[in-house]
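Accompanying notes for the structure given below.
In this chain, numbering begins with 1 at the start of the sequence shown. Predicted model only: the values in this text are computed from it and were never measured.
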Amino acid sequence: MADWVWLRCLFGPNLYRTHRSVEQSRPGRRGWSYQPKSLERHTDSILGWASALWSLSYYSSPLLLCYLYRKGYICSSKLVPVSQYVGTALVCLLGVAFLRGWGRWRNPEYLQFVSVLHEARKNHTPSNKKKLACYDFDFSHWPADFSWKEASNPKLSKAGVSLLKPEPKHRGTADTVLNSMRMLPCHIISFLIAHSFGRRMLYPGSVGLLQKAMRPMLQQGQARLIEEFDGQRNKLVACDGNEIDAMFVDRRREGGRNGNTLVICCEGNAGFYEVGCMSTPLEGGYSVLGWNHPGFAGSTGVPFPQNEANAMDVVIQFAVHKLGFQLSDIMVYAWSIGGFTASWAAMSYPEIKALVLDASFDDLLPLALKVMPDSWRPLVTHTVRQYMNLNNAEQLCKYHGPILLIRRTKDEIITTTGPEDIMSNRGNDLLLKLLQFRYPKVMTDEGIRAVRHWLGATNHVEQASVYSSYEVDDDWCTSVMQSYQTERETMYPWSVGEDMAPEARRQLALFLAQKYLRNFETTHCTPLPSTEFQDPWRLQRAPQGDRRATWKRE
């Protein structure tokens with residue numbers, strides 16, 4: 001029996017922290033960091049440095065191999081001694097790992113943890129899960145809490161959940177054998193770019209070295225969510241086999257007006273739920289479900305669009321089938337690049353309550369072209385469209401529910417020129433494409449010009465000045481929209497505005513722009529205060545007996 005326990009210690013996960021159980025510590029669940037014995041601490045440090053060196057070697061391997069080749073080191077006479085050194089180092093590291101297992105076996109706290117983990121794996125009952133939740137350890141060893149197979153209506157295609165595909169080519173440029181052969185080098189280079197530095201540039205949070213540097217911060221954020229908010233950590237298995245690290249904070253029993261609404265948070269390209277945008281709806285009293293992108297922290301896989309959508313799908317299915325929320329009680333909140341998974345969720349689950357996009361963009365391609373040389377334009381275009389097609393605006397137009405866009409007026413990330421040029425903010429294009437789809441008769445040339453004039457204002461005072469200069473009558477605009485809604489009851493796009501005079505069309509365009517977009521006067525990475533997180537605008541039905549507005553305003 002002792003031999004089995006020692007083997008569990010040898011192959012067991014790193015233990016970081018112990019949380020007090022809920023029954024032991026009301027209010028609050030203040031825990032303590034795990035204190036390894038001297039032997040375990042030193043051996044774990046050696047293995048940690050070895051892991052960091054391996055990661056560094058992996059990411060620098062192309063440059064390293066080129067250097068070794070030019071120096072003539074890649075030959076049998078040179079490689080044989082190197083392989084002997086590497087073999088000796090591996091044997092030494094194996095011995096260090098055995099010593100670490102011995103050190104763990106002599107630590108009562110680790111022995112208690114590994115016995116709880118063994119019981120939870122053998123029988124994943126709620127009581128065993130509650131005991132296991134008192135520990136923070138390597139998430140790869142956490143047993144699965146929910147799988148996509150448990151969903152009653154999975155939205156699967158051949159590769160997983162359905163994605164919008166790039167627009168088909170014109171008939172004159174249809175693929176032929178000759179054209180395919182001519183494009184083969186471009187396809188190969190695009191594939192290599194996307195799966196090497198391209199994906200890591202787009203999602204730096206998936207880089208192992210960055211995660212190692214951020215580990216103390218992530219562990220502190222994890223402890224805060226569990227000990228202060230009674231957060232429940234869960235492992236979700238997506239349809240592609242990726243394991244998604246999720247955190248749920250339940251506010252339904254607290255009696256607040258927002259507790260029955262679940263906010264699912266989608267983080268940015270270097271964001272983690274431990275230190276990310278979960279804090280904004282938490283401060284507002286909402287129930288919150290956060291999750292990490294594939295390849296981020298405890299989540300496995302790589303964050304390509306298909307994997308991202310697969311992960312988002314299992315998160316929503318978990319909220320509905322395991323947590324007991326209705327789709328009509330779920331809001332999706334995204335920051336930055338998280339707008340892709342959020343807009344996919346809104347498109348695929350149109351019954352959700354609302355969608356809030358903060359500092360998001362309409363399409364990745366203009367932002368990718370900004371940071372790459374002009375001579376690479378065809379290659380960048382092909383790579384983005386084939387492997388990293390984050391088409392937020394296209395997905396957003398498939399959703400017919402309430403939407404709020406938050407634009408950062410000093411955003412330095414999603415602008416194509418610089419933060420001083422607010423008109424280059426791709427959030428403007430996201431708004432315009434949404435309004436042009438939903439209200440095409442309003443967003444004619446004069447309506448677009450008026451909205452662009454309003455978007456050019458850099459603060460609330462300037463925006464109010466532009467708004468008043470067009471003499472917008474909010475009451476009249478509201479009555480027009482209510483009248484159209486009552487008479488038609490149609491899905492978007494609406495034909496409201498087709499018989500309007502240009503002046504009335506401009507006013508209605510500005511009215512709608514102000515309802516869909518709010519400014520936040522700060523930079524891209526500043527956390528959003530809870531006061532700025534609000535329910536999107538909903539058009540209320542006109543009371544019975546009200547006189548309906550005329551389409552042409554005098």
Side-chain angles (χ1 to χ4, degrees), residues 1 4-26 28-36 40 44 100-101 103-105 107-150 215 218-238 241-250 253 272-274 278 287-292 296-300 314-315 318-319 321-324:
M1 183 64 182
W4 286 109
V5 174
W6 182 81
L7 286 176
R8 291 173 197 157
C9 293
L10 174 63
F11 296 105
N14 285 325
L15 177 61
Y16 304 118
R17 187 176 178 86
T18 302
H19 312 291
R20 294 185 187 275
S21 64
V22 178
E23 293 80 5
Q24 290 178 334
S25 53
R26 282 292 187 184
R29 294 177 59 184
R30 293 294 181 185
W32 59 90
S33 298
Y34 171 64
Q35 299 297 329
E40 181 185 354
D44 196 55
R100 183 178 66 174
R104 289 173 173 176
W105 186 64
N107 191 326
E109 186 176 358
Y110 193 89
L111 286 177
Q112 182 180 3
F113 156 69
V114 82
S115 65
V116 170
L117 176 61
H118 177 69
E119 287 297 322
R121 281 177 165 177
K122 186 170 63 174
N123 189 10
H124 196 45
T125 62
S127 60
N128 284 339
K129 180 186 175 181
K130 186 180 295 185
K131 294 177 183 177
L132 188 63
C134 293
Y135 298 97
D136 180 14
F137 56 96
D138 288 339
F139 197 62
S140 59
H141 293 257
W142 189 284
D145 298 294
F146 181 81
S147 171
W148 67 277
K149 297 178 182 178
E150 301 177 42
R215 182 174 293 169
L218 298 181
Q219 291 172 356
Q220 184 178 0
Q222 187 83 238
R224 173 176 173 268
L225 291 171
I226 293 175
E227 296 172 4
E228 294 185 19
F229 295 100
D230 285 338
Q232 304 167 25
R233 198 177 188 187
N234 298 275
K235 176 182 284 190
L236 318 179
V237 182
N242 287 338
E243 299 172 346
I244 306 303
D245 183 2
M247 177 68 71
F248 172 56
V249 176
D250 195 350
R253 298 180 181 178
F272 305 81
Y273 73 71
E274 292 90 339
M278 274 188 72
S287 295
V288 183
L289 177 59
W291 60 283
N292 281 326
F296 283 53
S299 297
T300 62
V314 77
V315 168
F318 171 71
H321 295 283
K322 195 79 170 184
L323 302 181

Revision key, fill the gap. Closest non-hydrogen atoms of G101 and C9, given as atom of the first, atom of the second and distance, are O-CB, 3.7 Å

Check your understanding: Which residues satisfy the salt bridge (charged side-chain N to carboxylate O under 4.0 Å, His left out) test with E119, sequence neighbours excluded?
Key -> K122

Practice item. Could you verify whether a donor N or O on one side chain and an acceptor N or O on the other, from E109 and W32, lie under 3.5 Å apart? Key: yes

Exercise for review: Tell me, please, which residues at least two apart from K235 pass salt bridge (charged side-chain N to carboxylate O under 4.0 Å, His left out).
Suggested key: E243

Exercise for review: Would you name the heavy atoms of F137 and P13 that are closest together and state the gap between them?
Suggested key: CD1-CG, 3.8 Å

Check your understanding: Can you name the nearest heavy-atom pair linking A319 to L289, along with the distance?
Key -> CB-CD2, 4.1 Å

Exercise for review: Please name all residues satisfying side-chain hydrogen bond (donor to acceptor under 3.5 Å, both in side chains) with R121, sequence neighbours left out, ordered by chain then number.
Suggested key: H141

Practice item. Determine whether D44 and N14 make a side-chain contact, defined as any pair of heavy atoms from C-beta on separated by less than 4.5 Å. Key: yes

Check your understanding: Under 4.5 Å between any side-chain heavy atoms of D245 and F296, yes or no?
Key -> no

Study note, to complete from the structure: Applying side-chain hydrogen bond (donor to acceptor under 3.5 Å, both in side chains) to T125 and not counting sequence neighbours gives S127, N128

Practice item. Sequence neighbours left out, what passes side-chain hydrogen bond (donor to acceptor under 3.5 Å, both in side chains) with Q232? Give chain and number order. Key: none

Review point. Heavy-atom distance under 4.5 Å between the side chains of L225 and R233, does that happen here?
Key: no

Practice item. Determine whether the side chains of H19 and E227 contain a donor N or O and an acceptor N or O closer than 3.5 Å. Key: yes

Practice item. Apply the test salt bridge (Lys or Arg N to Asp or Glu O under 4.0 Å) to residues E40 and R104: give CA-CA distance (whole Å), side-chain angles for both, the deciding distance (0.1 Å), then the verdict. Key: CA-CA 6 Å; E40 181 185 354; R104 289 173 173 176; 3.5 Å; yes

Point to revise | Set of side-chain hydrogen bond (donor to acceptor under 3.5 Å, both in side chains) partners for D138, sequence neighbours left out | key: Y16

Practice item. Mind checking the CD1-OG1 spacing from I244 to T300? Nearest 0.5 Å is all I need. Key: 6.0 Å

Review point. By side-chain contact (heavy atoms from CB on, under 4.5 Å), which residues pair with S33, not counting sequence neighbours?
Key: R17, Q35

Exercise for review: Report the C-alpha separation of M278 and V249 in whole Å, then their side-chain angles, then the decisive distance to 0.1 Å, and conclude whether the side-chain contact (heavy atoms from CB on, under 4.5 Å) test is met.
Suggested key: CA-CA 10 Å; M278 274 188 72; V249 176; 4.2 Å; yes

Check your understanding: Between K322 and D145, is there a side-chain N and carboxylate O pair less than 4.0 Å apart?
Key -> no

Exercise for review: May I ask you to test the F248-V288 pair for a side-chain heavy-atom distance under 4.5 Å?
Suggested key: no

Review point. Y135: what forms a ring-ring contact (aromatic ring centres under 6.0 Å, His included) with it, not counting sequence neighbours?
Key: F113

**Study point:** Ring centres under 6.0 angstrom apart (W291, F318)
**Key:** no

Check your understanding: Between V5 and L111, which heavy-atom pair has the shortest distance, and what is it?
Key -> CG1-CD2, 3.5 Å

Review point. Do N234 and K129 meet the criterion of a side-chain donor-acceptor pair at a distance under 3.5 Å?
Key: yes

Review point. Of all residues at least two apart in sequence or in a different chain, which pass the ring-ring contact (aromatic ring centres under 6.0 Å, His included) check with Y34?
Key: none

Study note, to complete from the structure: Applying side-chain contact (heavy atoms from CB on, under 4.5 Å) to L218 and not counting sequence neighbours gives M214, F272, E274, V275, A297

**Study point:** Residue pair A120 / L132: nearest heavy atoms and the distance that separates them
**Key:** CB-CD2, 3.8 Å

Practice item. Step by step, work out the side-chain contact (heavy atoms from CB on, under 4.5 Å) result for R8 and W105. Key: CA-CA 9 Å; R8 291 173 197 157; W105 186 64; over 6 Å; no

**Study point:** Side-chain heavy atoms of F146 within contact of H321, under 4.5 Å
**Key:** yes

